[in-house]
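Counting starts at 1 for both ligands and their atoms, following the listed order.
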Amino acid sequence: MSKLRFRVVETAFGKKAHELEKTSQRPSEFFGEFVFNREKMFKYLSKKAYERLVDSIDNGTPLDRDTADAVAAGMKRWALEKGVTHYTHWFHPLTEGTAEKHDAFIEHDGKGGVLEAFDGKLLTQQEPDASSFPNGGIRNTFEARGYSAWDPSSPAFIVGDTLCIPTVFIAYTGESLDYKAPLLKALEAVNKAAVAVCHYFNPDVRKVYAYLGWEQEYFLVDEGLYAARPDLLMTGRTLMGHESSKNQQLEDHYFGAIPTRVMEFMKELEVEALRLGIPVKTRHNEVAPNQFELAPIFEECNLANDHNLLIMALMRKISRKHGFRVLLHEKPFKGVNGSGKHNNWSLGTDTGILLMAPGKSPEENLRFVTFIVNVLKAVYTHNALLKASISSATNAHRLGANEAPPAIISCFLGTQLSNVLEHLKNSDTEDFILAGKQGMRLDIARIPELLIDNTDRNRTSPFAFTGNRFEFRAVGSSANCAAAMLALNTAVAEQLTLFKDKVDKRIADGKEKFAAIIEVLREEIRTCEAIHFDGNGYSEEWKAEAARRGLDCETSVPLIFDAYLREESVRMFETMGVMSRKELEARNEVKWEMYTKKIQIEARVLGDLAMNHIIPIATKYQSSLIDNVYKLKELFPADKAERLSAKNMEIIEEIAERTIFIKEKVDEMVEARKVANKIGSEREKAIAYHDRIVPLMEAIRYHIDKLELVVDDQMWTLPKYRELLFIR
Ligand code: ADP
Ligand code: MG
């Protein structure tokens with residue numbers, strides 16, 4: 001077992017925290033300790049079982065029953081040595097986060113005792129009673145049950161006393177009920193399409209991987225203060241709270257020193273992550289006070305996504321050991337930056353080529369430009385869908401606000417790459433193809449030096465090229481990255497397929513291969529010019545300009561979801577074999593329902609807090625002022641008393657006006673909810689919540705925040721922003 005130890009220390013708030021004791025162990029010694037990785041497979045499996053399993057992982061060959069049994073036996077032996085007692089199929093339902101149902105290894109041994117049992121069947125398939133997971137109507141409980149099936153491409157791992165087996169979750173009728181199944185299909189689609197295009201340049205490429213490097217932003221708050229904020233507790237964000245006099249104006253938090261208490265949390269988190277094989281690398285403060293970021297080294301997309309979900313779970317658990325709560329919500333505090341999860345995405349081959357990175361030879365650079373242009377075109381064609389893929393009730397607070405990507409998808413390329421594409425677009429094929437020794441000369445050989453200059457960065461772009469990858473920045477901090485990744489990879493797969501068809505047609509007509517590629521690229525650059533925008537994405541002018549360009553500018557989340565059901569989206573998902581129309585329809589039902597529920601909970605919590613915290617406190621304070629006014633009247637002559645109590649009279653009146661307003665709006669909100677709840681269609685209901693409830697919540701909050709400024713601080717029961725936001 002590991003030599004790592006944590007000792008319990010007192011925090012400033014009298015809470016116990018765990019501090020990592022000095023250890024001589026290096027990360028390389030415990031990395032992947034709790035993962036059934038290839039090293040362990042080799043150790044715990046027979047040679048034959050090992051080879052079959054590796055073949056299944058690398059090439060998708062189905063596992064036969066004997067191999068599954070052998071793998072299960074090896075896995076069990078390893079797990080028992082680690083003190084594990086239970087196993088679970090770990091899956092990603094359409095709610096956020098992950099789901100698991102734990103079963104003990106024990107079985108009757110037939111002699112009155114029990115033994116530890118775990119076979120291939122239990123490893124590869126399980127039927128969780130999952131009628132309570134959202135399924136958008138697909139899995140009618142009477143006719144079809146859901147089952148989970150092992151995804152051997154994600155290694156099993158141990159958390160606590162439980163062996164976790166990553167699985168897909170599907171209905172017996174075949175429809176996916178989770179995020180993992182369609183993600184795996186999307187990755188397969190992009191692999192197939194990209195390999196075919198790679199073959200124009202490198203015939204030996206056999207596989208193309210999609211890579212994902214996520215950057216997880218989060219807030220920490222003190223657990224004691226968190227417990228005193230019912231809104232944080234129940235919705236993950238503050239539904240009220242006036243801005244602190246100091247927040248992020250001085251820009252002193254970003255890259256500043258990390259507070260000791262936070263550092264202890266980070267260290268423990270990193271150690272646990274490394275033991276689970278998550279290659280965490282970067283940690284730093286973020287822009288807002290109490291905001292931090294954690295990023296690993298990028299990995300294959302499916303694995304990276306499992307790791308992100310695991311990290312979020314670890315953060316929740318470990319933060320509590322340090323007297324914190326982690327906030328993964330996209331906008332826990334109004335007026336300070338929200339949290340995102342940049343998805344750094346690229347494609348790479350089994351021969352070690354990064355397809356989004358320029359190369360050394362003209363041919364390599366043509367390949368590079370080919371992939372870049374196809375990504376641009378895919379993002380252009382499906383910009384509305386990509387926005388839908390990152391949209392949620394919670395991310396809506398971040399998008400379109402002044403510090404985050406706008407609710408419009410565009411691509412940033414930087415000056416050099418823009419120049420290369422511009423040049424390619426405007427020149428004749430003949431400029432590029434000149435008969436030479438190799439039969440061609442491409443004028444784009446000079447890209448590498450140019451692109452190394454990484455200073456050319458634009459923080460306002462939702463989808464930016466950053467040297468050897470694209471950064472999809474609009475993804476929300478609490479999201480399952482799979483939603484964005486499956487949309488993006490499918491869109492790119494479709495575009496690469498269409499591109500190849502066009503090129504092949506020209507080749508069949510007798511065009512030289514590279515000339516055909518350049519010709520089609522030029523055409524594609526022209527058609528998707530609208531998606532390219534290097535300017536300030538936060539500006540008002542961009543909104544108007546984007547609308548003129550025909551980019552999707554919808555801001556209402558329930559309407560943004562419609563993009564999933566547009567004909568071009570359904571066609572894309574169906575032809576790429578990722579999702580059927582039925583699945584897309586069902587998923588949208590779930591999305592609308594989730595949207596409604598989130599707003600519904602927030603509205604209830606806000607209504608309760610307004611009525612039983614804010615109004616009573618404000619009224620109590622107002623009574624003490626009234627009392628004061630009467631007393632001044634007793635003490636002083638009438639005209640003097642009037643003068644002396646003028647200020648208090650104003651506050652008394654202000655409190656009265658605001659509390660009346662709040663009460664009226666809360667009543668109105670209750671009525672609006674009743675009306676909305678009667679709507680049968682999930683879509684229409686979500687629209688009603690967006691159009692009717694959300695504005696009322698904002699109006700109520702405005703007046704509550706104003707009251708916070710006038711009511712006696714000692715009476716105000718909710719911790720304020722200035723307390724929540726500064727960890728000492
Ligand atoms: P930033 O300057 O945006 O903070 P970092 O250097 O911290 O960038 O990297 C962010 C993430 O991008 C990391 O997870 C890193 O591993 C990942 N990354 C780097 N190169 C690639 C690539 N080619 N494909 C996918 N992810 C990548
Ligand atoms: Mg980044």
Nearest candidate to atom 6 (O) of ligand 1, where distance is taken over non-hydrogen atoms, out of R469, E215, K281: R469

Short list, please: which atoms of ligand 1 are under 4.0 Å from a heavy atom of P296? 13 (C), 14 (O), 16 (O)

If you take all heavy atoms of A193 and T497, which pair is closest and at what distance? CB-OG1, 3.6 Å

Within 4.0 Å of some non-hydrogen atom of G213, the atoms of ligand 1 are 14 (O), 26 (N)

Would you kindly say whether S176 and D178 are connected by a side-chain donor-acceptor distance under 3.5 Å? no

Hey, does N344 come in under 3.5 Å of ligand 1, counting only N/O atoms on both sides? yes

With respect to E293, determine whether any N or O atom, backbone or side chain, lies less than 3.5 Å from an N or O atom of ligand 1. no

Polar proximity ligand 1 side, A295 side, N/O cut 3.5 Å exclusive: no

What are the atoms of ligand 1, with element, lying closer than 4.0 Å to any heavy atom of E471? 3 (O)

To atom 7 (O) of ligand 1, the nearest of N468, V280, L355, T282 on a heavy-atom basis is T282

Aromatic ring pairing F463/F472, orientation class (parallel under 30°, perpendicular over 60°, tilted between): perpendicular

Should the ring pair Y200 and F499 be called parallel, tilted or perpendicular, given that the plane angle runs from 0 to 90° and is split at 30 and 60? perpendicular

Answer yes when E545 and R549 have at least one side-chain N-carboxylate O distance shorter than 4.0 Å, and no when they do not. yes

With a 4.0 Å cut-off on heavy atoms, is M356 in contact with ligand 1? no

Describe, in one word, how the ring planes of F324 and F265 are oriented to each other, choosing from parallel (under 30°), tilted (30 to 60°) and perpendicular (over 60°). perpendicular

Which ligand 1 atoms are under 4.0 Å away from a heavy-atom of I297? 16 (O)

Can you label the angle between the W90 ring and the F157 ring as parallel, tilted or perpendicular, going by 30° and 60°? perpendicular

